[in-house]
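Take a look at the structure set out below.
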Amino acid sequence: MALTGMQIYKSLPKDHANCGDCGFPTCMAFAMQVASKSKAITDCPHISEDAKGELSDASAPPMKLVKIGAGDVAVEIGAETVMFRHEEKFRNKSLLATKIAASLSDDEAMQRMDAINGAVFVRVGDEIKVRMATIELDGLVADVAASRVKALATKSTVPFVLLGEDAAVMDAAVKAIADKKPLICKATPGNADAMIKVAAESKCPLSVGAPTLEELADLAKAASDAGVEGIVLSFDGKDMANSLRNITIVRRAALKKKFRAFGYPVIVDVAHDDSMKETVLACSFAAKYGAVLIMNGLDGAELLPVLTTIQNVYTDPQVPNTVDAKLYEVGDVNENSPLLFTTNFSLTYFCVEGEVERSKVPSYIMAVDTEGLGVLNAYAGDKISPAQVAKSLADSGVADKVSHRKLIIPGLLPAFRAELEDISDWKEVMIGPETASGIPSFFKENWK
Amino acid sequence: MEIVDVKEKWSNVINAITLGATAAQGGTRGKTVTIGGQSTLPGLTFEGEIPNKPAVAGLITDVVSEDWPDVLKDSIGDVINSPAEWAQKLVEEQKVDMICLKLLGADPNGQDLPPDAAAATVKAVLEAVDVPLIFWGCGDEDKDNLVLPECSQAAKGENCLIGAATETNYRTMAAIGQADKHKLIGEAPVDINIAKQVNILLADAGFDLNDVVMCQVTAALGYGFEYVYTIFERVRMAGLKGDKQMALPQIANVGWEVWKVKEALAGEDQLPGWGKLAERGPRWEAATAAGYLQAGADLITLAHPDAIKITLETIEEMSK
């Protein structure tokens, strides 16, 4: 269980009480930071060895952070603290690890590597992309595997998962790119000793997989005892119901019971011949705790549902979700295009934007800064006023972009009309619909 | 190594609701469908019972939506012009558990059809198929207050699920539900407090919460999905922990919402690199449905045949 600030405070050195060397004014303030896991106990320079051992064990994060890759292309997974996003937030986004099959020729493998590097999309202002490549080794002989991973590594902009169960082939491949710190996938009850040795010697992270949770815990402990630094627990996505249950058990054991053998992130192989099934599996395991998802799909239609699920589920629910407060152009606007304003709460903004797109009427949308509150909440909380709307519009320079002086305002703020007409350049204020879904018919009737 | 026990002890069971009525029960349905009744989170059968799988309702409309793209309309085919035949095709070919009829034609901003036209469509669909029926108003509350009572009466005794009771119209909805023996959808605008308030208001109006399915106004993936996803999870956990006003099954109107978003509508020239338009929409539906199934949806409404197929298969896979 997590330690309280008071328990931590009691173990801090009394002879340096409130010395401030940790950067905090008091020991209590520091203890609270440690309790919330923002600081480590070792950030106190005067902590005794005894207290350190005792506290660092008890205050260690329940799920380890695992780093895969090296240098600029390293990624981090794990260090999750909650079962449900509303309890706090999910921390390290799931990564898609697209497969490069062993059956491909060297040329084909290289082309696929290029495609993986290029699988980058921009959605609602964020870059979302494939962030790993899974190189399948089973079916290749050792020296072919080694030369393939070496060649691919020279081109890759993402870290690798090396997928295979033959420890000799894995050893050759890992040795070829050990400095790239690939994730070795995977140790099983059948190859455990040899595979753990490869990981321990190369100092590369290792995933472990087993038919039962008991065997999985044994393997994770064996790897940890052998000095393997990064450990990842492996599950088969095609066994959907069982894997969803087992991943939940593993995560609960780690987070709620501090069961150390399961205190690691999870990799799920959802690669499926049926692309639609793969999409659904990937989305399901993105929602439920998969830190790395091995997929075949590399087409935009296959990747975007999964990347968007990750983008959504890993959004921090504690932070209001905002878009930049600025003027947006939707469609092929011109001087006669309508002008609307809404708030910069992203859900509100994207609803308005979506409906404007649906109406096929190119429009300007001014997103007014309400600190991420929706229309009614912003109004109730004094985060939006006619004066502020007028200023935002003036600052945006939209008056130079349109020849009319019509402004469509949210139907929930009818009282703004009179004041806006008084204080701004916008002399013909139109009260729009109360919900975004009314925008297309509003345009049809009122924008001629 | 022995594994630590992580079972949660949930103290409450989610209401089970049976939709549809057979001849013996005062209706004309050939089959009924029960949702809810579980005592654990989705799939977690190691700590509770899941007696009923989530159900899939095939979405039909009384008039053809002007906003739907050809990708969707073509997948449905000519039957799109006949709600009764459309419903039959969904039941016979796509094997949906029930039909969800959206009474779009009544919309004052659209065709503005009179209430008796909507009621006639409800009747025609009930005659064409023998599965339970969900029907929704057009969304204009004043018009729906005229349309839904007439439809309710036309379907009297069939134990339909009617959408939707809100904070403002709950008295009318409770009255028609009670008078004609139907179940109700309680709807709130992505707000868990209002969601509970709608349930309390319905109960105060004398409507049994055992006859209510909750709806949070579904968001398509990428369009506020995370808010609705989290409300699904919070409602379900509140219900399992003993809050009787939250222990209700939940519906996600995936089909209706997904076919409004860019990913399902925008051409390949507008979204270069995002994949073929024909593949994007059904996948967006299937992906949105997959997310809500993980969050606790008991009933999912879908439009595209490919999305229906994969979601029915997913529910089977999840239920193993």
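On a predicted model such as this, the values are computed, not experimentally measured, just so you know. Because only heavy atoms are used, hydrogens play no part in the values below, and waters and symmetry mates are left out as well, while side chains stay in.
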Under 4.5 Å to a heavy atom of chain A? For B:Leu41 that would be side chain
Interatomic distance, CD@B:Glu279 vs CG@A:Leu304, rounded to 0.5 Å, equals 12.5 Å
To the nearest 0.5 Å, atom CZ of B:Arg234 lies from atom NE2 of A:His86 at 6.0 Å
Considering only heavy atoms from C-beta outward, does the side chain of B:Met318 approach that of A:Met240 to under 4.5 Å? yes
>> Looking at B:Glu8 and A:Lys256, is any side-chain nitrogen of the basic one under 4.0 Å from a carboxylate oxygen of the acidic one?
In response: yes
Shortest non-hydrogen pair, B:Val4 vs A:Ala253, comes out as CG1-CB, 3.6 Å
Turns out that what part of B:Tyr229 lies under 4.5 Å from chain A's heavy atoms comes down to side chain
message = Any salt bridge linking B:Glu233 with A:Lys288? Criterion: basic side-chain nitrogen under 4.0 Å from a carboxylate oxygen.
response = yes
The interface call for B:Pro42 against chain A, heavy-atom contacts under 4.5 Å, is neither
>> Strictly distance-based, threshold 3.5 Å: is any side-chain N or O of A:Asp299 a donor or acceptor partner for the main-chain N or O of B:Gly275?
In response: no
Within residues 297-309 of chain B, the residues sitting under 4.5 Å from chain A by heavy atom, in sequence order, are B:Asp306, B:Ala307
If you count every heavy atom of other residues, nucleotides or ligands that lies below 6.0 Å from B:Glu49 atom CD, does the total exceed 12? no
Separation between CG (B:Leu44) and CG (A:Leu244), nearest 0.5 Å, reads 8.5 Å
Output for pair (B:Trp284 CH2, A:Thr308 OG1), nearest 0.5 Å, gives 3.5 Å
| request: Answer whether the closest heavy-atom distance between the side chains of B:Asn109 and A:Phe442 falls below 4.5 Å. | output: no
CZ (A:Phe262) and CE (B:Met1) are apart, to the nearest 0.5 Å, by 8.0 Å
Okay, A:Glu355 and chain B: the region with an atom under 4.5 Å from a heavy atom over there is side chain
Okay, B:Glu317 and chain A: the region with an atom under 4.5 Å from a heavy atom over there is both
| query | Under 3.5 Å, side chain of A:Asn312 to main-chain N/O of B:Gly222, donor-acceptor pair present? | reply | yes
Applying a strict 4.5 Å limit to non-hydrogen atoms, the region of B:Ile310 in contact with chain A is side chain
Are more than 12 heavy atoms from other residues, nucleotides or ligands located less than 6.0 Å from atom NZ of A:Lys238?
yes
Cut-off 4.5 Å, heavy atoms of chain B, and the answer for A:Ala286 is neither
Discussion item. Could you check whether any side-chain heavy atom of A:Gln311 comes within less than 4.5 Å of a side-chain heavy atom of B:Glu226, counting everything from C-beta outward?
Written reply: no
Note: B:Glu313-A:Lys277 ion pair, threshold 4.0 Å (strictly below): yes
When rounded to the nearest 0.5 Å, the distance separating CG of B:Asp5 from CD1 of A:Ile249 is 9.0 Å
Around B:Glu2, counting heavy atoms of other residues, nucleotides and ligands shown, do more than 12 lie under 6.0 Å from its CD?
no
Got A:Arg123 and B:Trp274 here, is their nearest side-chain heavy-atom distance under 4.5 Å?
yes
Ranking B:Val190, B:Leu221, B:Leu265 by heavy-atom pairs under 4.5 Å to chain A gives rank one to B:Leu221
**Prompt:** Is atom CG of B:Asp269 surrounded by more than 12 heavy atoms (other residues, nucleotides or ligands) closer than 6.0 Å?
**Reply:** yes
So, the part of B:Thr45 with a heavy atom under 4.5 Å from chain A: the answer is both
Has B:Arg283 got a side-chain atom pairing as donor or acceptor with A:Leu303's backbone, closer than 3.5 angstrom? no
Test your reading of the model: is there a side-chain donor-acceptor pair from A:Arg245 to the backbone of B:Gly43, 3.5 Å cut-off?
yes
Whatever's closer than 4.5 Å to a heavy atom in chain B on A:Lys444 counts as side chain
Residues 287-296 of chain B vs chain A, non-hydrogen distance cutoff under 4.5 Å, contacting residues -> B:Ala287, B:Ala290, B:Gln294
Bottom line for A:Thr435: the part with an atom under 4.5 Å from chain B's heavy atoms is neither
Check your understanding: Heavy-atom count around B:Lys276 NZ within 6.0 Å, excluding the residue itself: above 12?
Key -> no
Should B:Glu47 and A:Arg252 count as an ion pair when the cut-off is N to O under 4.0 Å? yes
Cut-off 4.5 Å, heavy atoms of chain A, and the answer for B:Glu66 is side chain
